Structures are given as C-alpha cells and as structure tokens.
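Some notes on the structure that comes next.
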Amino acid sequence: MPLIATSTDSYTQAIKHEYAPELAFCRESIVANETAAKTYAVGTVLGLVTATGKYKIAVQTAADGSQNAAAVVVEDKSVAANTDTKVLALVRGPAIVSKSALKLDATFDQPAEIAAVHTALAAKQILANDAV
C-alpha cells in the first residue's frame, strides 16, 4: 500500500490548555543553544543551563542545570550547532500538556525520572495530564 501522507505531532496534541495564548502569558521566545544540531518538535522538554541562561534539550544525566525540566516547545524548530536560536516555548502556567505528547530525551528511562520531569513542570504550573 502506498504512503499517502505523514503527520507530525501538532500543537493541539501536546498543549491542551494555555492561559491567554493571545497575550502570550505562558510562553516566551527563549534562546536555545545545542552543541550538536537538533530538531525540536512540539512537546520537546527543555532544561535551562544555569551558567548561560540558555535552554537545551533536558538530559537526565546532565550536570549544568539542564537536567531539570524548565520549558516545553510549542513550535517545530531546527537548532544549528553552537548557535543561539529563538524558540517559542511554554515557560510558565497555568497550562496543561499531554503526558503522552511530551518528548523526553532517552536518558529519562525510569518512572521516577519521568515523574521528576512532571514535578518540575508542575512547579512552573505546567501540568502534565494523562488523558486530556
């Protein structure tokens, strides 16, 4: 059977509720910087590097602050290696995201580690729900 179309996750699959999106209350244009080129999809969880104040994909084994979930990407975006790139992301709530649509690095492979991501987001009033 031939492939007719492919689909990527959309904003509405990942972000279920956001307070006053027309005012950008919960989102900001943040600066991301990765050591290798990456493609962020809607729902990618980012951490904040303490020393630089820039975001990158949250990795559980990191020791630079980025191991803690700090934002959720709300647009598909390519980030070139070692280049500051503006990315639109949820950085505060009130907001609700779908747990199943969150994109976590493979290092978050234990239930307790994944729960820690949800807890860190909840501290920013970004709630990760099972079924919304």
Side-chain angles (χ1 to χ4, degrees):
M1 176 183 253
L3 179 65
I4 296 172
T6 59
S7 175
T8 59
D9 287 342
S10 69
Y11 173 84
T12 57
Q13 288 173 311
I15 315 303
K16 296 302 184 177
H17 174 76
E18 173 186 358
Y19 176 75
E22 69 280 4
L23 301 175
F25 183 84
C26 301
R27 58 174 81 174
E28 289 181 10
S29 181
I30 57 151
V31 176
N33 193 305
E34 298 279 351
T35 55
K38 305 277 183 180
T39 300
Y40 294 174
V42 173
T44 300
V45 176
L46 303 178
L48 180 63
V49 178
T50 308
T52 64
K54 297 174 185 174
Y55 292 79
K56 65 182 187 178
I57 292 177
V59 175
Q60 196 272 327
T61 55
D64 60 3
S66 66
Q67 69 274 17
N68 302 311
V72 177
V73 174
V74 298
E75 66 175 342
D76 292 336
K77 190 75 168 198
S78 294
V79 178
N82 299 311
T83 303
D84 288 353
T85 306
K86 293 208 177 218
V87 177
L88 194 59
L90 287 178
V91 295
R92 73 184 70 78
I96 299 172
V97 296
S98 171
K99 280 184 183 178
S100 63
L102 288 178
K103 312 265 186 299
L104 298 174
D105 182 77
T107 57
F108 291 99
D109 58 357
Q110 299 297 315
E113 296 166 355
I114 296 168
V117 168
H118 299 154
T119 299
L121 291 174
K124 294 178 163 289
Q125 296 183 0
I126 301 171
L127 305 178
N129 286 354
D130 285 318
V132 287

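Only this structure's heavy atoms are used, side chains among them; waters, hydrogens and symmetry mates stay out. Computed from a predicted structure; not experimentally measured.
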Fill in: Derivation of the side chain to side chain contact (heavy atoms under 4.5 Å, CB included) call for Thr85 and Val31
CA-CA 5 Å; Thr85 306; Val31 176; over 6 Å; no
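- Here the closest non-hydrogen pair linking Tyr55 and Ala70 is CE2-CB, 3.9 Å.
- Residue Leu90 holds its CG atom at 5.0 Å from CD of Glu18, rounded to the nearest 0.5 Å.
- Of all the heavy atoms in Ala120 and Ala69, the pair that sits closest is CB-O, 3.6 Å.
- Across all their heavy atoms, Asp130 and Lys99 have their closest contact at OD1-CD, 3.1 Å.
- Using a 4.5 Å heavy-atom threshold, the side chains of Leu121 and Leu102 count as touching.
- Interatomic distance, NE2 of His17 versus CD1 of Ile96, reported as 6.0 Å (0.5 Å rounding).
- Note: Asn33 CG to Ser66 OG = 11.5 Å, rounded to the nearest 0.5 Å.
- Ala14 and Ala101 make their closest contact through CA-CB, 3.5 Å (heavy atoms, listed as atom of the first residue, atom of the second, distance).
- With hydrophobic clusters built from ILVMFWY side chains whose heavy atoms lie under 4.5 angstrom apart, Val72 does not share a cluster with Val87.
- Here the side chain of Gln67 pairs a donor or acceptor atom with the backbone of Gly65 at under 3.5 angstrom.
- Linking Ile, Leu, Val, Met, Phe, Trp and Tyr residues whenever their side-chain heavy atoms come within less than 4.5 Å places Val117 and Val74 in a single cluster.
- Under a hydrophobic clustering in which Ile, Leu, Val, Met, Phe, Trp and Tyr are joined whenever their side-chain heavy atoms come within less than 4.5 Å, directly or via other members, Val73 and Phe108 fall into different clusters.
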Atom pairs and distances, donor-acceptor, side-chain atoms in residues 38-51, under 3.5 Å, two or more places apart:
| unit_1 | atom_1 | unit_2 | atom_2 | d |
| --- | --- | --- | --- | --- |
| Tyr40 | OH | Glu34 | OE2 | 2.6 |
| Thr44 | OG1 | Ala41 | N | 3.1 |
| Thr44 | OG1 | Ala41 | O | 2.8 |
| Thr50 | OG1 | Asp64 | O | 3.4 |

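- Hydrophobic clustering keeps Val59 apart from Val79 (ILVMFWY residues linked when any side-chain heavy atoms are closer than 4.5 Å, directly or through intermediates).
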Item to complete: Begin with the C-alpha distance, continue with both residues' side-chain angles, and end with the deciding distance and a verdict on side chain to side chain contact (heavy atoms under 4.5 Å, CB included) for Leu127 and Val97.
Response: CA-CA 6 Å; Leu127 305 178; Val97 296; over 6 Å; no
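- The two residues Cys26 and Gly93 have their closest heavy-atom pair at SG-C, 3.7 Å.
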Discussion item. Please evaluate residues Asn129 and Lys16 with respect to the criterion side chain to side chain contact (heavy atoms under 4.5 Å, CB included), reporting the C-alpha separation (whole Å), side-chain torsions for both, the decisive distance (0.1 Å), and the verdict.
Written reply: CA-CA 9 Å; Asn129 286 354; Lys16 296 302 184 177; over 6 Å; no
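- Atom-to-atom distance recorded for Ile57:CD1 and Leu104:CG is 10.5 Å, nearest 0.5 angstrom.
- Residues Ser100 and Ser98 have side chains that bring a donor and an acceptor to within less than 3.5 angstrom of each other.
- In plain terms, the two heavy atoms of His118 and Ala128 that are nearest each other are CD2-CB, 3.7 Å.
- Here Leu88 contributes atom CG and Asp76 contributes atom CG; the two are 11.5 Å apart, rounded to the nearest 0.5 Å.
- Judged purely by atom type and a 3.5 angstrom limit, Arg92 has no side-chain atom pairing as donor or acceptor with the backbone of Gln125.
- Taken from CD1 in Ile30 to NZ in Lys54, the straight-line distance is 12.0 Å, to the nearest 0.5 Å.
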